[in-house]
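These notes concern the structure reproduced below.
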Amino acid sequence: MADDILKIEADSKGVWITALSDDFTLASVTNFLRNKGVRKYNEKAVEEFARQKNRDPRRIAERDPVEERHAVVVVHTSKDNMTASVSVEPPFFTYPWPSGKDVAESLERKSVVFGIDQEAIKKLTELKLGDEQVTVAQGKPAVNGKNSQIELLVNPDHAPETDQDAEKIDHKERSVFVSVKQGDHIAVKRPSTEGENGMTIAGVVIKAVPGKDIPFPIAGGLDVSEDGLQLTAAIDGRLTRKENKLVVLPVLEVKGDVDFSVGNVDFTGSVKILGAVREGFQVLAGGGIEIREVVEGARVESKSDIVIAGGIRGMSKGRIIAAGNVTAGFADQAYIRSNGEIRIKNSVFHSDVGAHNTITVMGGKKSQIAGGKIQAGVAVVCNTLGSEMGTKTEVTVGLPPEQTERRKELQASIIKHKESLEKLETNLTFLKKQEKAGTIDDSKRALMVAAMKSKFQMQAALKSMQTELNDLESRLDLAKSKGVVRVKEMCYPGVTVTIRGFTYAVREPIKFTAFVYDESAGEIKIRHFDY
């Protein structure tokens, strides 16, 4: 430090400077004098002193007691009262440099009480930084709270991502619809925060602005959790936006065709298509399906009813499958299956059609069945059956072949399970006797526990199979009592009618007829249409 190298004194004759070592320059001397408050001095004398580096005191200025003064600590505060800085007007020569306490007292007089930097004050006083502003206090800005944030877990505007090359992308799979199920998590919310108050250097609190709670944008079909942070689907349906709000619609409506612009449709609710379903595409629905125009070589499956106003052009590859009823304008080279009834207004040509209940082809100008296979659990009713060309047309009433086969499988499986259960019961009886007599060991006890578990599992399986078999038997009984094929207009040669395993081949045209099974004769008989 300069005080270890240079020394300054004053007497009645003037101001004197003395070198305590040789480690100084003219610049360090002038800086030393400035810090000591000596502004007016003999420059030539100072230059000579710096050059000679003589250890004898050198007179460099006249003494003027009038100009001698104490150091002045000046406190500067910012307009927003968030920053305070200090500058020191050095003392004139003999008076001491201000201490840290002096600076602290000056800050207090200016009402600076918060955010004081003691290290900055120490630096200011120890280094004697005269005429330089040093920041010695900083206020604490308020941190405003954050608004709540909503994160979508399922995006209603989501376009399916594809990592494949463009040539390999199956554009049929790129559906533009987002399907959700009841209970699916749709969005989560990060709650708003209160924020953190700040404080000025004068100790005045700066209030933080709390964040706002932004509600979930809901238009319907969604539930908010009790804590308000979870959004779930209240129903099965399509997740979409309505006026910038989220909504789950139980019915998916396609304004035009199901084609490359829409992609395949796989929806948990009901589907309404105002156009057609084009070749190669598929529509799968957990609810009913309504199609205004035609289905062309496409797959349409519903867990309820299917209505196709235009009709079905199967192209020998389309598949229409419904857990409920199927209604269509016409069917050509189509594959149709229904667990209920099938109703076709106009023609059914060269198609494979099967229903658990009744198949009706009536109501159009040409309600005709010609070519293919028709299988119904209860009845087949149409205007015209077969064609003048003798087209081969097979009509079967009773359990569909696949159900007949399933019936046989169930019967065989039930017998096998009963035999196994009987053997298991015998073994269990033996093991229980040993347990009662106290002669059973640990290995046999473990065997007995495993056998009991197998018994319960086998009984449950038997119950399930018996229920399914009973359902099939009831359908068979229904077919026995009501099995009939009715033709209101003309039935042509080339038609074969099978009821309860008995077949009748039509060899000449027949009008206004009904084919029924005559139990007493053990064969199919021809009766009037309204029999």
Side-chain angles (χ1 to χ4, degrees), residues 326 331 335-344 347-362 367-412 414-415 468-531:
V326 175
Y335 177 93
I336 307 173
R337 289 292 183 270
S338 165
N339 286 348
E341 296 183 355
I342 295 176
R343 295 182 288 269
I344 309 293
S347 58
V348 177
F349 290 155
H350 308 287
S351 297
D352 185 348
V353 182
H356 285 184
N357 206 318
T358 299
I359 297 174
T360 303
V361 183
M362 299 282 284
S367 302
Q368 178 181 8
I369 299 173
K373 297 179 180 181
I374 309 298
Q375 303 174 78
V378 176
V380 174
V381 183
C382 63
N383 265 5
T384 304
L385 185 57
S387 70
E388 295 178 354
M389 303 297 294
T391 305
K392 183 180 179 182
T393 307
E394 300 177 12
V395 179
T396 301
V397 175
L399 283 178
E402 65 270 16
Q403 292 192 9
T404 303
E405 187 60 34
R406 177 59 179 163
R407 180 171 170 244
K408 291 179 181 178
E409 290 176 1
L410 285 169
Q411 288 172 336
I414 287 172
I415 291 172
E468 185 180 354
L469 180 60
N470 292 341
D471 180 58
L472 288 175
E473 294 287 4
S474 64
R475 292 181 186 178
L476 180 58
D477 291 339
L478 184 64
K480 285 179 181 180
S481 61
K482 296 185 178 181
V484 63
V485 176
R486 301 182 189 278
V487 184
K488 189 172 184 180
E489 299 294 337
M490 185 69 74
C491 180
Y492 290 100
V495 172
T496 59
V497 176
T498 301
I499 302 175
R500 292 179 62 178
F502 293 89
T503 300
Y504 183 95
V506 179
R507 304 189 184 281
E508 58 183 26
I510 311 171
K511 284 187 175 182
F512 200 73
T513 187
F515 298 88
V516 298
Y517 176 72
D518 188 330
E519 197 163 345
S520 62
E523 61 182 15
I524 294 175
K525 294 288 187 179
I526 298 176
R527 300 285 188 258
H528 290 294
F529 174 79
D530 54 4
Y531 172 81

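All residue numbers refer to positions in the sequence shown, counting from 1. Atoms considered below: every heavy atom in the structure, side chains included; atoms not considered: hydrogens, waters and symmetry mates. From a predicted model like this one, the values you see are computed outputs, not experimental measurements.
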request  = Please report the closest heavy-atom contact between Val506 and Tyr492, naming both atoms and the distance.
outcome  = CG1-O, 3.6 Å
inquiry  = Has Thr393 got a side-chain atom pairing as donor or acceptor with Thr391's backbone, closer than 3.5 angstrom?
reply    = yes
ask   = Closest heavy-atom contact between Arg407 and Leu469?
value = CG-CD1, 3.9 Å
Gap between atom CZ of Phe515 and atom OG1 of Thr496 - 0.5 Å precision = 10.0 Å
ask   = Which pair of non-hydrogen atoms, one from Val497 and one from Val485, has the smallest distance, and what is that distance?
value = CG1-CG2, 3.7 Å
Heavy-atom pair with the smallest gap, counting every atom of Val495 and Gly386 = CG2-CA, 3.7 Å
request  = Start with the C-alpha distance between Phe529 and Val381, add both sets of side-chain angles, then the distance that settles side-chain contact (heavy atoms from CB on, under 4.5 Å), and finish with yes or no.
outcome  = CA-CA 9 Å; Phe529 174 79; Val381 183; 4.3 Å; yes
inquiry  = Would the distance check show the side chain of Arg486 and the main-chain N or O of Ala514 forming a donor-acceptor pair, the cut-off being under 3.5 Å?
reply    = no
request  = Take Glu341 and Val378 through the test side-chain contact (heavy atoms from CB on, under 4.5 Å) and record every step on the way to the result.
outcome  = CA-CA 10 Å; Glu341 296 183 355; Val378 176; over 6 Å; no
request  = Mind listing the closest non-hydrogen atom pair of Arg337 and Val326 along with its distance?
outcome  = O-CG2, 4.1 Å
ask   = Is the side chain of Arg343 donor-acceptor paired with the backbone N or O of Thr358 at a distance under 3.5 Å, no angle test?
value = no
key: Min side-chain heavy-atom separation Thr396-Lys373 under 4.5 Å   = no
note = Between Ile526 and Tyr504 the two heavy atoms that sit nearest each other are CD1-OH, 3.0 Å
message = Does Glu388 have more than 12 heavy atoms from other residues, nucleotides or ligands lying within 6.0 Å of its CD?
response = no
query = Can Asp518 and Arg527 be counted as an ion pair, charged N to O under 4.0 angstrom?
reply = yes
key: Distance, nearest 0.5 Å, that separates OG of Ser387 from NZ of Lys392   = 13.5 Å
ask   = Is it the case that more than 12 heavy atoms not belonging to Met362 sit under 6.0 Å from its CE atom?
value = yes
note = Between the OG1 atom in Thr360 and the CG atom in Asn383, the distance rounded to the nearest 0.5 Å is 11.0 Å
key: Donor-acceptor contact below 3.5 Å, side chain Thr513 vs main chain Lys511   = no
